[in-house]
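Note sheet for the following structure.
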Amino acid sequence: MSDADSFIDEVTEEVRRDRMFLALKRYGWIGGVVVAVIVGGAAYREFDQARTTASAEALGDSIIAALAENDTDKRAESLATVTAETPGGDAILKMLQAGALANSDQVPAAVALLGEVALNADLPLIYRHTATYKALALQHDTLSVQDRRLQYEALSQPGAPLRLLAQEQLALIDIAESDVEAAITRLRAIIEDAEVRADLQDRARQVIVALGGKLEVETPSQG
């Protein structure tokens with residue numbers, strides 16, 4: 001019985017081996033396809049990264065060449081000929097072009113370009129708010145105080161990327177409207193904010209002192 005069992009086991013193993021080779025012969029191409037897909041995907045990622053890097057470098061070179069123009073009009077014209085392949089690159093390009101136009105006394109055209117960036121819902125919030133902030137700065141003398149206040153208040157909401165800079169502008173509007181206490185309150189809030197940068201904090205302190213305010217709120221004495 002032992003020899004018979006051994007013989008059966010050998011035959012069974014042989015049958016399994018034959019089936020395995022037959023399966024590999026019949027379906028082995030699937031493994032080849034999987035390997036080809038993995039290798040091809042890795043190669044495409046490398047190619048795509050290289051293409052993206054090359055595109056970014058080309059855009060940077062074009063922008064640097066345009067900004068090298070000493071004449072502001074020519075600088076704006078040169079920037080207008082540059083094209084970007086990504087929404088973010090296009091937004092940065094438009095903001096640079098808007099700056100060149102503003103320096104060429106073409107403020108309405110600059111504001112229009114910034115408006116395109118600000119209203120592009122496909123862009124990250126930082127791009128849109130930066131464009132809005134720059135446009136407001138260019139329209140300081142043409143927009144009404146009420147319009148500027150409303151737009152800066154929208155930029156100063158909690159979590160907004162430029163909220164502290166917008167709060168600074170709102171404080172300046174308060175000063176222009178002779179509401180010194182409101183301005184000092186805003187500036188103190190900026191100083192005490194955990195995310196404030198050192199330069200903005202210093203500016204806020206200087207304005208408070210210039211307004212005759214105190215840097216720290218006095219606590220009432222008990223007695």
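Atoms considered below: every heavy atom in the structure, side chains included; atoms not considered: hydrogens, waters and symmetry mates.
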Work out which heavy atom in [X] is nearest to a heavy atom in [Y]; give both atom names and the distance.
X    : Y    : answer
A118 : A131 : N-CB, 3.8 Å
P158 : R163 : CA-CD, 4.3 Å
A98  : A110 : O-CB, 3.2 Å
E153 : Q157 : O-NE2, 2.7 Å
P161 : H129 : CD-ND1, 3.6 Å
L211 : A183 : CD1-CB, 4.3 Å

Mind checking the [atom1]-[atom2] spacing from [X] to [Y]? Nearest 0.5 Å is all I need.
X    : Y    : atom1 : atom2 : result
L119 : L114 : CG    : CG    : 10.5 Å
D90  : M95  : CG    : CE    : 10.0 Å
T130 : L125 : OG1   : CG    : 9.0 Å
I173 : R149 : CD1   : CZ    : 5.5 Å
D179 : I184 : CG    : CD1   : 10.0 Å
L150 : L170 : CG    : CG    : 10.0 Å

Pairs flagged by side-chain hydrogen bond (donor to acceptor under 3.5 Å, both in side chains) wherever residues 200-210 is involved - sequence neighbours left out: E168-R203

I175/V207 under side-chain contact (heavy atoms from CB on, under 4.5 Å): CA gap, chis, key distance, verdict: CA-CA 10 Å; I175 294 170; V207 175; 3.8 Å; yes

Within 6.0 Å of CG in D199, more than 12 heavy atoms from elsewhere: yes

Side-chain donor-acceptor pairs of residues 132-141 under 3.5 Å, sequence neighbours excluded:
from	atom 1	to	atom 2	distance (Å)
T132	OG1	R128	O	3.0
Y133	OH	Q169	NE2	3.4
Q139	NE2	A135	O	3.1

Cluster link I92 to L113, ILVMFWY, side chain under 4.5 Å: no

Cluster overlap V117 with L143, hydrophobic side-chain contacts below 4.5 Å: yes

side-chain contact (heavy atoms from CB on, under 4.5 Å) evaluation trace for I191 with V196: CA-CA 7 Å; I191 292 171; V196 66; over 6 Å; no

Side-chain heavy atoms of L162 within contact of I126, under 4.5 Å: yes

Beyond-backbone contact of K214 with I208, side-chain heavy atoms, under 4.5 angstrom: no

Flag, side chain of D193 to backbone of A189, donor-acceptor distance under 3.5 Å: no

